[in-house]
Amino acid sequence: MTRGYDTIVIGGGLLGCATAWMIARDGGQVLLVERDQINQHASGSNAGSLHFQLEYRMIERGVEAARKAAEAMPLHLQAAQLWSDLPGLCGQDIEVKQTGGLMIAENAQQVELLERKTEIERSWGLDNRMIDRAEIDRIAPYLSDRVVAAAFCPTEGKADARTAGPALARAALQAGAEIKTRTEVTGLVRQGGRWHVSVATAESAQRAIAESVVIAAGVWTTRMGQMMGAHLPTIPLALMMTVTQRVPKLIPHLVQHAGGRLSLKQALDGNILIGGGWPARLIRHRDGEPNFDAKPELLTTSLSGNADMAIRVLPDLSRIPAIRSWVGTTTVTPDQLPLVGPVPGQPGAFVATGGSAFTLGPSFAQALAALIECRLPETDLQAFDPARYGRQ
C-alpha cells in the first residue's frame, strides 16, 4: 500500500520526535518511522546532560579548536531557552532541571583554558562566568579541595533522557502525526518531484510518498545518505555511563571537567549519573563497517578511569555503590560541528545530527521544521551546512 504525506521523518529519537511534533503542530501531515522502538538508542541511553558550555572534547585540543566549536553557540543559546519552555509548549510532563552547570579546573593550566573558553562563550552571548574557590565553597561544597576554580553557567542542567523522547512522541501523535515503529527504511528515491520511501516490517514491505524527508537517524545518518546518493559523513562513538544507588540530595549542578572526560549529575530520584565521554568498544563487521545491531562492549579501563576521576573531585562517591554501567552510541562529524540543513543535491531532503545531539535536539528540530515550511530558521545554519563535505 502507498500513502502520501507532507513529510516523512526517519528516526524515533528525541530529535525525530521533536521534529515530527513541530511539523504536525503547524498543520503538516507527518509520518515518523523508527527501525526499533521510540527512544531505544542514543536519545534514551545518554545521561541527559544539558551542556551549553563547550564540552571537554571541544576544548581538549586548545583555544583555536574551542573557537571553532563555538560557532555552534547560537544553537546552544536557542536550546537553553527551548528546553526551559518545552514541557509547556508540548503539553507533556518532561523532567527538565536547569539549576546551573560547573566546568571545574584542578590546576593553573586548566584554569587558563577555562578563562579563555569562557571569554569565547561570553562573546557569543552565553551567560557564563569564572568563579573562585571561595564561591565554589559557597555553592558547591561537595567538590574536593583539589578543585581550584570553575566556569559557572546558570542555564545548564539535565533532562530525563528516558522520558523526554516518548513525551515528544505523544505530543506528535496528539498533533496528528503518524508513528510506525519496527519499521526499517530500505529505499529512498526521488521521483516526479516527491520522495518515495520504501519501508519494511516483519510482516510486509510498503512504500510511502512525501514532499520532504528528514534524516534524524543518529548513527544511521551516513547510511541513509548513501541510500539517496548523498555524502553525509559521521563518526560513530560508543560511550559508557554509570549510575549509583539512590542517595540524599548531594549534587544540584551539572559538573564537567576542563582537564578530562567527566560529567556528574544527580537525578530527581537520587541516583548519581557518571559519564563524560569514556569510550566503549564499537562492534564492527568483517569489512570494518560499524555493526549498529550489535551491543557495544564496556572497557574495564574506561570504567576504572571514569570512576577514579569522579571520586577525585567528588570524594563522597567512594562510599556510594554503583549499580549499573551501560553503553550508548552517538555521532560526531569530522570537524566537530553539527550537520544541519538541506541534503546536498537532494531537493526536499533535510538532515540533522552531530555535536551535542541530545542538548541541541530541540534547536535542530526547530530549524528543520522551519526549512520544511520554507521559513528562514532563527539561527544562521551556514556553518553547519552538509554541503561543506562535498566530495573533492
Side-chain angles (χ1 to χ4, degrees), residues 11-16 34-49 51 55-58 60 158 160-162 164-165 181-182 184 216-224 226 232-245 256-257 259-265 267 271-312 314 317-318 320-334 336 353-359 361:
L14 180 130
L15 169 59
E34 162 57 43
R35 72 193 307 276
D36 293 306
Q37 292 292 347
I38 294 297
N39 213 48
Q40 182 171 329
H41 296 287
S43 293
S45 61
N46 74 92
S49 300
H51 294 288
E55 299 175 52
Y56 171 71
R57 66 179 175 83
M58 301 172 180
E60 63 178 320
K158 58 184 178 292
D160 187 343
R162 298 167 300 177
T181 57
R182 301 294 185 190
E184 184 170 4
V219 294
W220 288 275
T221 297
T222 299
R223 186 180 302 174
M224 292 295 106
Q226 291 169 343
L232 302 174
T234 59
I235 302 168
L237 301 175
L239 305 174
M240 58 144 285
M241 286 144 283
T242 297
V243 64
T244 73
Q245 283 186 350
Q256 306 177 71
H257 203 297
R261 296 179 178 88
L262 179 68
S263 71
L264 296 168
K265 69 193 73 65
N271 303 94
I272 296 175
L273 295 163
I274 306 167
W278 285 79
R281 179 172 173 263
L282 191 64
I283 308 302
R284 296 182 180 273
H285 295 290
R286 289 185 178 181
D287 62 2
E289 289 298 309
N291 180 3
F292 298 127
D293 294 321
K295 189 175 182 179
E297 296 178 355
L298 286 166
L299 298 175
T300 55
T301 52
S302 289
L303 283 169
S304 60
N306 201 186
D308 288 346
M309 192 169 189
I311 291 170
R312 193 173 76 220
L314 183 60
L317 278 175
S318 64
I320 303 173
I323 58 175
R324 185 168 72 95
S325 295
W326 72 96
V327 176
T329 54
T330 189
T331 58
V332 295
T333 63
Q336 298 290 312
T353 193
S356 306
F358 184 83
T359 295

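The chain is numbered in sequence order, starting from 1. Bear in mind that the values here come from a model prediction, so they are computed numbers and not experimental data.
Residues P279 and S302 come closest through the heavy atom pair O-OG, 2.6 Å. Heavy-atom minimum distance, I272 versus L317: CD1-CD2, 4.0 Å. For M241 against G328, the heavy-atom pair with the smallest separation is CE-N, 3.9 Å. Listed here is the closest heavy atom pair of M224 and A217: CG-CB, 4.1 Å. Across P296 and V327, no two heavy atoms sit closer than the pair CB-CG1, 3.5 Å. The nearest pair of heavy atoms linking A161 to N39 is O-ND2, 2.9 Å.
Residues passing the side chain to side chain contact (heavy atoms under 4.5 Å, CB included) test with R57, sequence neighbours excluded: E55, E60, V332, Q336, S356. Listed by chain and number, the residues in a side-chain hydrogen bond (donor to acceptor under 3.5 Å, both in side chains) with R223 amount to none (sequence neighbours excluded). Under the side chain to side chain contact (heavy atoms under 4.5 Å, CB included) criterion, L262 pairs with H257, L264, I274, N306, M309, A310, V313, not counting sequence neighbours. Shown here are the side-chain hydrogen bond (donor to acceptor under 3.5 Å, both in side chains) partners of E34, two or more places apart in sequence or in another chain: there are none. In this structure T222 satisfies the side chain to side chain contact (heavy atoms under 4.5 Å, CB included) test together with Q226, T234, sequence neighbours excluded. Shown here are the side-chain hydrogen bond (donor to acceptor under 3.5 Å, both in side chains) partners of E289, two or more places apart in sequence or in another chain: there are none. S263 meets the side-chain hydrogen bond (donor to acceptor under 3.5 Å, both in side chains) test with no other residue; sequence neighbours excluded. Taking the side chain to side chain contact (heavy atoms under 4.5 Å, CB included) definition, one finds that E184 meets it with R35, sequence neighbours left out. With sequence neighbours left out, the ring pair (Phe, Tyr, Trp, His ring centres under 6.0 Å) criterion links Y56 to no other residue. Residues that satisfy the salt bridge (Lys or Arg N to Asp or Glu O under 4.0 Å) test with R162, not counting sequence neighbours, are D160.
The main-chain N or O of R286 is never found under 3.5 Å from a side-chain atom of N291 such that the two would form a donor-acceptor pair. For the pair T359 (side chain) and H51 (backbone), a donor-acceptor distance under 3.5 Å is present. Although no hydrogens or angles enter the test, the distance criterion places a donor-acceptor pair under 3.5 Å between the side chain of N271 and the main chain of T244. For W278 (side chain) and R261 (main-chain N/O), a donor-acceptor pair under 3.5 Å exists by modelled atom type.
Considering OG1 of T242 and CZ of R324, their distance stands at 9.5 Å, rounded to 0.5 Å. The distance from the CG atom of L237 to the OG1 atom of T331 is 8.0 Å, given to the nearest 0.5 Å. Taking CG from L299 and CE from M240, the interatomic distance works out to 9.0 Å, rounded to the nearest 0.5 Å.
For the pair T329/P236, no side-chain contact is recorded, criterion being any heavy-atom separation below 4.5 Å from C-beta on.
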Contacts under 3.5 angstrom, residues 42-49 side chains, donor-acceptor by atom type, not counting sequence neighbours:
from: S43; atom 1: OG; to: L14; atom 2: N; distance (Å): 2.8
from: S45; atom 1: OG; to: H41; atom 2: O; distance (Å): 3.0
from: N46; atom 1: OD1; to: G48; atom 2: N; distance (Å): 2.7
from: N46; atom 1: ND2; to: A42; atom 2: O; distance (Å): 3.0
from: N46; atom 1: ND2; to: S43; atom 2: O; distance (Å): 2.9
from: S49; atom 1: OG; to: K265; atom 2: NZ; distance (Å): 2.7

